[in-house]
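Okay, so here's the structure we're looking at.
Order of appearance sets the numbers: ligands from 1, and atoms from 1 within every ligand.
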Amino acid sequence: MTTENELPSHASPVIAPQPRPSAQYLSGWSDLENTSQPPTPGIPNNLISPAYTPPLTPSLPGTPSGLHHSKHEPKSIPVDTSLDDPGTTKQPRLVQKLPKVECLVRARIPTTSGAEMFLHLYQNDSDNKEHLAIVFGNNIRSRSLDEEKPGETEMDRMIRGAYVGRLRPGRTSSRRDDEEDLRRKVLRPDIKTRKRSGSALKNVETIPEDTAVPPSQPSTPTHTDPPTPTHPQDEQNSENTPLTSSNPRPITPPSNPASMPPPIPPAHETLKPPLVRIHSECYTGETAWSARCDCGEQLDEAARLMSTSSATNPNPSHTGGVIVYLRQEGRGIGLASKLKAYNLQDLGNDTVEANLLLRHPADARTYGLATAILQDLGLGTDSDESKSEGERGIRLLTNNPDKVRAVEGPGREVRVVERVAMVPLAWRGMKGVHGEELTRYLETKIGRMGHMIHEA
Ligand SMILES: Nc1nc2c(ncn2[C@@H]2O[C@H](COP(=O)(O)OP(=O)(O)OP(=O)(O)O)[C@@H](O)[C@H]2O)c(=O)[nH]1
């Protein structure tokens, strides 16, 4: 443990104390509910980490049975930040004004798990980094991507990803995917195409949403969504013949009834707000196999939940979600400082202390870009009349109480209606990242940063 006298010469002399998170977020944690404890003090006193052991020691006897692994979606906890008392609740750092964001390009990414996602690359007017949105599911579209650009050709639109349906050799229109429409008509002859109202996509022919057939993007190949039926003739044609409505390719439904799609339930049975994860870049945890944190595991788990949510929600038009991937490496301090912080951690400091010793705040992140990207994707807004009340807002995958309010934006542009905890896999009796550094990291998040790493 570093003492005050041993502080590096560049250590910040004054850091504001961190207030405790609101009682609402601490329910269930008796140690943390003890309000007689002082708030986390500032430097240098806060170099002394509170002796705190999370009640749920990973993979050890005593782990509550409720946390044992379940393959289905974890429980959501309703939240309403408008009820937070600003006098007693720690207020997250909110941007004053949302940045402007624009989706420059989108592409389909088949993944090693078999699920498909659409990677959206954003530029913005507040930094020069390429932030990302990883979109799972069929109904989520970027307004800025779909907007018409002056002078662009259909090929330009397809190349930047502003197309409906699926790209294939010979396709000439970004706005109409005849083969996909035909496939759906064959599978659901009652479907009629129409233009979608209220969308940034103009002149696009899509399928009515209430038929529960994805209007604008290819189906995610899950067990509820069989692969596009093919015909030997299709494959021959697709090489050379541009597909037009006057030259439709014959499509036959699969002869095996087992490969037919399951019956589609009425939309009202399955409505739920989309799952959203705001993920901050972590090169070490996502790429360099670090077991100092669970960032890589959280990213994988978020993707798994979004790509397999059809297991609990058989209606393909309501599955999926978005991972907004923000380039805020090291809680916003950058990779170089994070690596220095690791060395300070090896010298006995926790993650908060290490940041402070490097003259950085414990958490230097903001979430305005995430709010703006969610808005661009049409998520979380109260005013979206194309959605029923049950679908509005978002379900946020996080343990971080600050994020819930921060992601909503300065003017509550986005509404978080539920929080879904991300409990480490090892705590749920599954194979997951673990180790003494990770235990310390999680202890610090719970004990000093107010994270709520438990399900309801
Ligand atoms: N400075 C610093 N950053 C770290 C460290 N370990 C992970 N990070 C960064 O922390 C960020 C992830 O934030 P976390 O605090 O783990 O979690 P969170 O995003 O606040 O909360 P969740 O939504 O519950 O995951 C990523 O940007 C990581 O690069 C560390 O030891 N020091």
Side-chain angles (χ1 to χ4, degrees), residues 18 21 25 49 54 74 77 79 90 92-93 129 131-132 275-303 305 321-367 369-370 394-407 416 418-425 427 432-433 435-455:
Q18 298 167 17
Y25 295 127
S49 174
I77 303 153
V79 289
K90 178 181 169 190
R93 215 147 56 97
K129 294 182 180 166
H131 302 272
L132 303 165
L275 263 183
V276 170
R277 163 97 186 134
I278 310 299
H279 193 88
S280 302
E281 180 174 15
C282 180
Y283 177 81
T284 46
E286 291 151 17
T287 311
W289 314 283
S290 169
R292 282 181 185 269
C293 64
D294 58 346
C295 297
E297 178 180 293
Q298 287 185 323
L299 187 61
D300 291 350
E301 184 63 3
L305 288 169
V322 174
I323 300 173
V324 177
Y325 187 93
L326 297 177
R327 315 307 286 265
Q328 314 199 81
E329 175 62 65
R331 295 193 191 119
I333 68 175
L335 186 56
S337 290
K338 186 169 91 171
L339 297 180
K340 287 180 185 167
Y342 280 171
N343 292 329
L344 281 165
Q345 287 164 32
D346 284 347
L347 286 166
N349 302 283
D350 68 27
T351 48
V352 171
E353 293 159 0
N355 269 27
L356 300 178
L357 287 166
L358 292 166
R359 287 178 178 265
H360 290 298
D363 192 336
R365 291 173 292 179
T366 56
Y367 294 97
L369 277 164
I394 58 170
R395 291 181 297 145
L396 191 66
L397 273 165
T398 186
N399 303 319
N400 181 348
D402 289 353
K403 252 190 203 177
V404 175
R405 175 65 192 96
V407 165
V416 180
E418 287 173 23
R419 182 181 72 80
V420 182
M422 302 215 78
V423 180
L425 295 181
W427 293 25
V433 59
E436 61 183 86
E437 288 89 351
L438 179 65
T439 302
R440 281 203 295 272
Y441 173 79
L442 295 173
E443 282 174 4
T444 306
K445 290 219 291 193
I446 295 168
R448 305 200 64 187
M449 303 183 86
H451 283 224
M452 307 160 293
I453 312 185
H454 63 306
E455 290 179 341

Does ligand 1 have any N/O pairs with the protein under 3.5 Å, and how far apart?
unit_1: ligand 1; atom_1: 1 (N); unit_2: G330; atom_2: O; d: 3.3
unit_1: ligand 1; atom_1: 1 (N); unit_2: N355; atom_2: OD1; d: 2.9
unit_1: ligand 1; atom_1: 13 (O); unit_2: R365; atom_2: NH1; d: 3.2
unit_1: ligand 1; atom_1: 15 (O); unit_2: R331; atom_2: NE; d: 2.7
unit_1: ligand 1; atom_1: 15 (O); unit_2: R331; atom_2: NH2; d: 3.2
unit_1: ligand 1; atom_1: 16 (O); unit_2: Y441; atom_2: OH; d: 2.2
unit_1: ligand 1; atom_1: 16 (O); unit_2: K445; atom_2: NZ; d: 2.7
unit_1: ligand 1; atom_1: 17 (O); unit_2: K445; atom_2: NZ; d: 3.2
unit_1: ligand 1; atom_1: 19 (O); unit_2: R365; atom_2: NH1; d: 3.0
unit_1: ligand 1; atom_1: 19 (O); unit_2: K403; atom_2: NZ; d: 2.9
unit_1: ligand 1; atom_1: 20 (O); unit_2: R365; atom_2: NH2; d: 2.6
unit_1: ligand 1; atom_1: 20 (O); unit_2: N400; atom_2: ND2; d: 2.8
unit_1: ligand 1; atom_1: 23 (O); unit_2: R277; atom_2: NH1; d: 2.7
unit_1: ligand 1; atom_1: 23 (O); unit_2: T398; atom_2: OG1; d: 2.6
unit_1: ligand 1; atom_1: 23 (O); unit_2: K403; atom_2: NZ; d: 2.6
unit_1: ligand 1; atom_1: 24 (O); unit_2: T398; atom_2: OG1; d: 3.4
unit_1: ligand 1; atom_1: 24 (O); unit_2: N399; atom_2: N; d: 2.8
unit_1: ligand 1; atom_1: 25 (O); unit_2: R277; atom_2: NH1; d: 3.4
unit_1: ligand 1; atom_1: 25 (O); unit_2: R277; atom_2: NH2; d: 2.9
unit_1: ligand 1; atom_1: 25 (O); unit_2: Q298; atom_2: OE1; d: 3.0
unit_1: ligand 1; atom_1: 25 (O); unit_2: Q298; atom_2: NE2; d: 3.1
unit_1: ligand 1; atom_1: 27 (O); unit_2: E281; atom_2: O; d: 2.8
unit_1: ligand 1; atom_1: 27 (O); unit_2: Q328; atom_2: O; d: 3.1
unit_1: ligand 1; atom_1: 27 (O); unit_2: G330; atom_2: N; d: 3.3
unit_1: ligand 1; atom_1: 27 (O); unit_2: R331; atom_2: N; d: 3.2
unit_1: ligand 1; atom_1: 29 (O); unit_2: E281; atom_2: O; d: 2.9
unit_1: ligand 1; atom_1: 29 (O); unit_2: E329; atom_2: OE2; d: 3.2
unit_1: ligand 1; atom_1: 29 (O); unit_2: G330; atom_2: N; d: 3.0
unit_1: ligand 1; atom_1: 29 (O); unit_2: K338; atom_2: NZ; d: 3.1
unit_1: ligand 1; atom_1: 31 (O); unit_2: Q345; atom_2: NE2; d: 2.9

Check step by step if side-chain contact (heavy atoms from CB on, under 4.5 Å) holds for N400 and M449.
CA-CA 8 Å; N400 181 348; M449 303 183 86; over 6 Å; no
Using residues 333-340 as the side-chain source, report each donor-acceptor pair under 3.5 Å to any protein atom, sequence neighbours left out, with the distance given to one decimal.
unit_1: S337; atom_1: OG; unit_2: H360; atom_2: NE2; d: 3.0
unit_1: K338; atom_1: NZ; unit_2: T284; atom_2: OG1; d: 2.7
unit_1: K338; atom_1: NZ; unit_2: E329; atom_2: OE2; d: 2.6

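Here the rule is side chain to side chain contact (heavy atoms under 4.5 Å, CB included) with H451, and of M422, K445, K403 only K445 fits it.
Under the salt bridge (charged side-chain N to carboxylate O under 4.0 Å, His left out) criterion, the residue pairs touching residues 284-297 are R292-D346, with sequence neighbours excluded.
Applying the ring pair (Phe, Tyr, Trp, His ring centres under 6.0 Å) rule to H131 yields no partners; only residues at least two apart in sequence or on another chain are considered.
In terms of heavy atoms, V352 sits closest to A362 at CG1-CB, 3.9 Å.
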